[in-house]
Amino acid sequence: MEYFSQDYDVIVIGAGHAGIEACLASARLGCKTAVFTINLDWVGNMPCNPSIGGTSKGHLVREIDALGGEMGKAADKYSLQSRMLNLGKGPAVHSLRAQIDRREYSAGMKHTLELQENLDIRQGEIVDIKKLESGVWQVKTRLEALFTAKAVIIATGTFLGGRVYIGDVSYESGPDGMFPSTDLAAALKKLPIPLRRFKTGTPPRVNRRSIDFSGLEVQEGDRETVGFSFATHTPPENKVCCYITYTNDETKQIILDNLHRSPMYSGKIEGKGPRYCPSFEDKIVRFSDKKRHQLFIEPCGLNTEEMYLQGLSSSLPEDVQLDFIHTIPGLEHAQVMRAAYAIEYDCVDPTALKATLEFNDFDGLYGAGQFNGSSGYEEAAAQGLVAGINAALKIKGEEPMILDRGGSYIGTLIDDLITKGCTDPYRMMTSRSEYRLVLRQDNADTRLTPTGYKIGLISRERYDKFLLKEKNVKDELKRITEKSVPLSDKLQKILVDCGTTPLDRGCKMLELLKRPQVTYKSLEEIDDDRPDLPKEVFEQVEIAVKYHGYIARQEQQIKEMRRIECKKIPKDIDYSSLKGLRLEAVEKLSKIRPENLGQAGRISGVNPADVAALNIILESL
C-alpha cells in the first residue's frame with residue numbers, strides 16, 4: 001500500500017558519479033536533499049575502467065574541483081598511480097590520469113554522502129515519477145513509499161532499462177550484475193520524455209596470479225605526481241604498476257571466425273555504441289589492416305587481485321572470450337574472473353534540456369550524466385554538479401549558473417549536448433573545444449574558482465589561498481618583466497645547453513623565457529633573486545609568457561563569442577510566425593529552443609543566413 005514518507009527540496013535518482021556531485025552540491029547549498037540508489041554498496045561504482053582523468057577528462061575533473069565538486073579530492077585520496085599524459089605536446093592537451101582503487105573510492109564516496117548535512121542517502125528503486133497539481137514532483141519507490149520535492153534530478157547512468165548481452169545470452173540487468181531500473185523508464189515515457197537506446201561495454205577482469213608478467217612492458221607512474229584537486233597539498237603516491245601487452249594475428253582470427261556470434265553483428269543490440277571507445281570485435285573489423293592492438297593491464301585495487309584488461313571490451317560469448325584472451329602474451333593461462341559484456345540502456349535526447357540541464361518542458365526536472373547521452377565518469381560528474389547547483393539556485397530564487405564554451409570544458413560539454421545532440425554516447429575530447437589553449441587544466445582554478453566561491457561551494461579559506469596564488473603569478477610576471485640579465489659566460493652556456501642561440505647582449509628575464517627551449521629550471525643559476533613560490537606559480541607564468549600571442553588571440557575570439565551570446569532569445573518566441581527563416585531552421589529552432597543567438601548558430605541545420613535573419617528580428621522586438 002502506498003504511503004507518504006517525506007518531502008524534500010531536491011531528490012536525486014542515482015548515486016553514480018553524476019548523482020554524487022548533484023546531491024552534494026544541492027545539500028551544500030542549503031537545500032534539503034535526498035539521493036536514491038538501488039544498492040548503497042555501489043555508490044560511486046566504476047563498472048568500466050577503474051581510472052579517473054585522461055585526455056580532456058582530466059580537464060573536466062580539475063574544473064569540477066575548481067567549482068567545489070568532490071571527484072578531484074576523492075580521486076587524489078584513492079589514487080593508485082598517477083600519470084600526466086601528452087607532456088610531449090603543448091600545455092593545452094596536458095591531462096592528468098590516475099588509476100583508482102575502485103572499492104575504496106566507492107566506500108569513501110558513500111561515507112562522504114553519509115556525513116553531509118542536509119543530505120539523506122537512501123537505498124531504494126524509484127519506479128514512478130509524476131508532477132502533482134501543486135507543482136511539486138512526486139516519486140515512488142519499489143516499496144511504495146512516496147516522496148515529494150520541488151526539483152528532481154535524474155542520474156540513472158546505464159541502469160535505466162538496462163539489458164546485458166554476452167553472445168547469445170541476454171537479460172535485464174544493470175552494470176556489474178545489479179538490478180536494472182525498468183519501471184522508471186516506462187514512467188518517463190508517459191511524461192513524455194524523449195528516450196532512446198544507447199550501448200556501452202566493459203572488458204573482462206582476470207586474476208593477477210594467473211598472469212605471466214615476465215614479458216610484459218611495465219608502465220610506471222610519474223616520478224613527480226600532482227593531484228587533481230587544487231586543495232591537495234600532498235601529491236598522490238604511486239603504489240602500483242600497470243602493464244602493456246598486444247594482441248596478434250591469432251587473436252584477430254578468433255574474432256573474425258566468431259563475428260556471427262556477436263550480438264552487435266547479429267542485430268540483437270539495437271543501441272548505438274560509443275564511437276571513440278569501440279568493442280574489441282568492432283576494432284578488428286574497422287581496422288582490419290592493423291596487425292596488433294595495444295592492451296593495458298591495470299589493477300582494480302590494493303585489496304583485490306582483479307586486473308582490468310583495458311581495450312578488450314566485448315559482447316562475444318564467454319567461450320570465445322576465453323579463447324582470444326589466451327592468445328595474448330602474458331594472458332596465456334589467465335583465469336577470467338568476470339566476463340566482458342555489452343549493456344544497452346535508455347537515455348534522453350539532450351536537446352530537450354536547457355543549459356542549466358533542466359528540461360525545456362518540465363519545470364523542476366533535470367537530467368545528468370549518461371542519462372543525458374554522454375559516456376564517462378568525468379562527463380557524468382560535471383553534469384551532475386551543474387544540475388545540482390542549478391536545482392538549488394532555482395529553489396533559492398537565485399540566478400542560474402550557466403557555463404559557456406569560452407570559460408570551461410564543462411560549458412563545451414553541455415553546449416554540445418543540448419545544442420548539437422548526440423547520435424552515440426558523447427565523449428569529451430580536447431578537439432571539441434575551439435578555445436582549448438585558454439581552457440587548460442592548469443588554469444581551471446583561475447577560470448572557475450571565483451564562480452564556485454560566489455555560488456557558495458568554495459570556502460573563504462580556499463578562496464583566500466586562490467587569491468594569493470593569483471597575486472603571486474601577477475607579481476612574478478612583473479618581476480621577470482623588469483629583471484635584467486647581464487651577458488655572461490654562464491648565461492651563454494645555459495643557452496647553448498638548451499639548444500638555443502647565444503646572445504650578443506644582456507636582456508630581460510622575460511625575453512629569455514619566451515624562447516621555447518628555455519625553462520624556469522634551466523635559468524636557476526642566474527636567477528639569484530627568484531622568490532620561493534610553489535611550482536604551479538612558475539608553471540602559470542611560463543605558459544603565459546611562451547603562449548602570450550596565441551592566448552591573446554583566443555581571448556579575443558571568446559570575447560566576440562560572448563558578445564553574440566548576450567543576444568537573448570525570448571522563451572516564448574514562435575519561430576513558425578517569423579519571416580525570413582527556412583523551414584528546416586524553424587523546425588530545429590522550435591525543437592531545441594536556444595537561449596541566445598550564439599547557441600542558435602551552433603544548431604545543425606541553422607545556417608548563417610538564418611542567424612542573420614533571426615538577429616534582425618530580435619533587434620526589432
Side-chain angles (χ1 to χ4, degrees), residues 15-25 27-28 35 37 40-54 57-85 95-117 119 121 220-242 298-304 306 308 376-378 380-382 384-385 388 441 444-445 449 452 457-459 461-462 465-466 534-536:
H17 304 283
I20 285 170
E21 298 292 350
C23 70
L24 285 175
R28 288 168 177 172
V35 59
T37 178
L40 276 174
D41 295 324
W42 293 86
V43 170
N45 183 34
M46 296 182 177
C48 195
N49 194 4
S51 71
I52 285 175
K57 292 170 177 281
H59 292 64
L60 288 173
V61 181
R62 283 275 176 90
E63 291 182 353
I64 290 165
D65 180 74
L67 285 168
E70 195 67 25
M71 177 175 268
K73 292 192 285 288
D76 291 344
K77 188 173 182 180
Y78 304 111
S79 174
L80 296 176
Q81 186 198 77
S82 181
R83 295 175 62 239
M84 189 69 75
L85 306 183
S95 294
L96 185 61
R97 182 185 188 273
Q99 200 66 23
I100 303 296
D101 193 314
R102 183 183 179 215
R103 293 270 55 86
E104 289 297 314
Y105 183 94
S106 175
M109 277 299 202
K110 175 174 178 281
H111 197 210
T112 296
L113 300 191
E114 291 169 340
L115 293 172
Q116 180 60 51
E117 293 292 327
L119 178 62
I121 175 172
E220 298 179 342
D222 292 340
R223 290 186 179 181
E224 292 185 25
T225 63
V226 295
F228 283 107
S229 175
F230 292 97
T232 295
H233 303 299
T234 303
E237 178 186 350
N238 287 320
K239 301 170 185 174
V240 299
C241 287
C242 297
E298 303 170 332
C300 291
L302 290 180
N303 297 314
T304 178
E306 278 192 83
Y308 178 88
Y377 312 142
E378 303 83 0
L385 181 63
Q441 63 163 9
D445 56 342
T449 294
L457 291 179
I458 296 291
S459 68
E461 179 186 7
R462 178 169 170 182
K465 289 179 180 178
F466 160 75
K535 180 182 176 182
E536 57 265 26

- Contact check, side chains of Glu306 and Arg103, non-hydrogen atoms, under 4.5 Å: no

- Query: How are the rings of His17 and Tyr377 set to each other: parallel, tilted or perpendicular (split at 30° and 60°)?
  - Reply: tilted

- Item | Spacing of Cys300 atom SG and Asn49 atom CG [to the nearest 0.5 Å] | 8.5 Å

- Message: Can you confirm whether Lys535 is buried at NZ, in the sense that more than 12 heavy atoms of other residues, nucleotides or ligands lie under 6.0 Å from that atom?
- Response: no

- What closest approach, in Å, do Ala66 and Asp445 show between heavy atoms, and which atom pair accounts for it? CB-CA, 3.9 Å

- Task: Please say which of Leu40, Val35, Asp41 ends up in a side-chain contact (heavy atoms from CB on, under 4.5 Å) with Thr37.
- Result: Leu40

- Message: Going by salt bridge (charged side-chain N to carboxylate O under 4.0 Å, His left out), name the residues that satisfy it together with Asp101, two or more places apart in sequence or in a different chain.
- Response: none

- If we only count heavy atoms from C-beta on, is the Phe466 to Glu461 side-chain gap below 4.5 Å? no

- Determine, stepwise, if the pair Arg28 / Glu70 fulfils salt bridge (charged side-chain N to carboxylate O under 4.0 Å, His left out). CA-CA 11 Å; Arg28 288 168 177 172; Glu70 195 67 25; 2.8 Å; yes

- If you measure only the distance, is there a donor-acceptor pair under 3.5 Å linking the side chains of Asp76 and Thr232? yes

- Message: What's the separation between atom CE in Met109 and atom NZ in Lys73, rounded to the nearest 0.5 Å?
- Response: 8.5 Å

- Beyond-backbone contact of Asn45 with Arg102, side-chain heavy atoms, under 4.5 angstrom: yes

- Message: Return the OH to CE distance between Tyr78 and Met46, rounded to the nearest 0.5 Å.
- Response: 11.0 Å

- Item | Note, Glu104 side chain near Leu302 side chain (heavy atom, < 4.5 Å) | no

- Item | Minimal non-hydrogen separation, Glu378 against Ser51, with atom names | OE2-O, 4.1 Å

- Item | Close side-chain approach of Leu67 to Leu457, heavy-atom, < 4.5 Å | no

- Report yes if the side chains of Glu220 and Asn238 come closer than 4.5 Å at any heavy-atom pair, otherwise no. no

- Query: Taking all atoms of both residues into account, what is the closest heavy-atom pair of Cys23 and Leu113, and its distance?
  - Reply: SG-CD2, 3.8 Å

- Task: Determine whether the side chains of Asp222 and Ser82 contain a donor N or O and an acceptor N or O closer than 3.5 Å.
- Result: no

- Can you check side chain to side chain contact (heavy atoms under 4.5 Å, CB included) on Ile121 and Gln116, steps first, answer last? CA-CA 9 Å; Ile121 175 172; Gln116 180 60 51; over 6 Å; no

- Task: Report yes or no: does Ser95 contribute a side-chain atom to a donor-acceptor pair with the main-chain N or O of Gly58 at less than 3.5 Å?
- Result: no

- Note on the structure: When every non-hydrogen atom of Gly69 is compared with those of Glu21, the smallest separation belongs to CA-OE1, 3.4 Å

- Separation of His59 NE2 from Phe228 CZ (nearest 0.5 Å): 11.5 Å

- Ile100 backbone acceptor or donor facing Ser79 side chain under 3.5 Å: no

- Intermediate values then yes/no, salt bridge (charged side-chain N to carboxylate O under 4.0 Å, His left out), Arg83 and Glu298: CA-CA 13 Å; Arg83 295 175 62 239; Glu298 303 170 332; over 6 Å; no

- So, for Ala381 and Ile64, which heavy atoms are closest and what is the spacing to 0.1 Å? CB-CD1, 3.6 Å

- Message: If I compare all heavy atoms of Gln99 with all of Pro50, which pair ends up nearest, and what's the gap?
- Response: NE2-O, 3.3 Å

- Pairwise side-chain contact, Ile52 with Tyr105, heavy-atom cut-off 4.5 Å (strictly under): yes

- Item | Phe230 vs Arg462 side-chain heavy atoms within contact, under 4.5 Å | yes

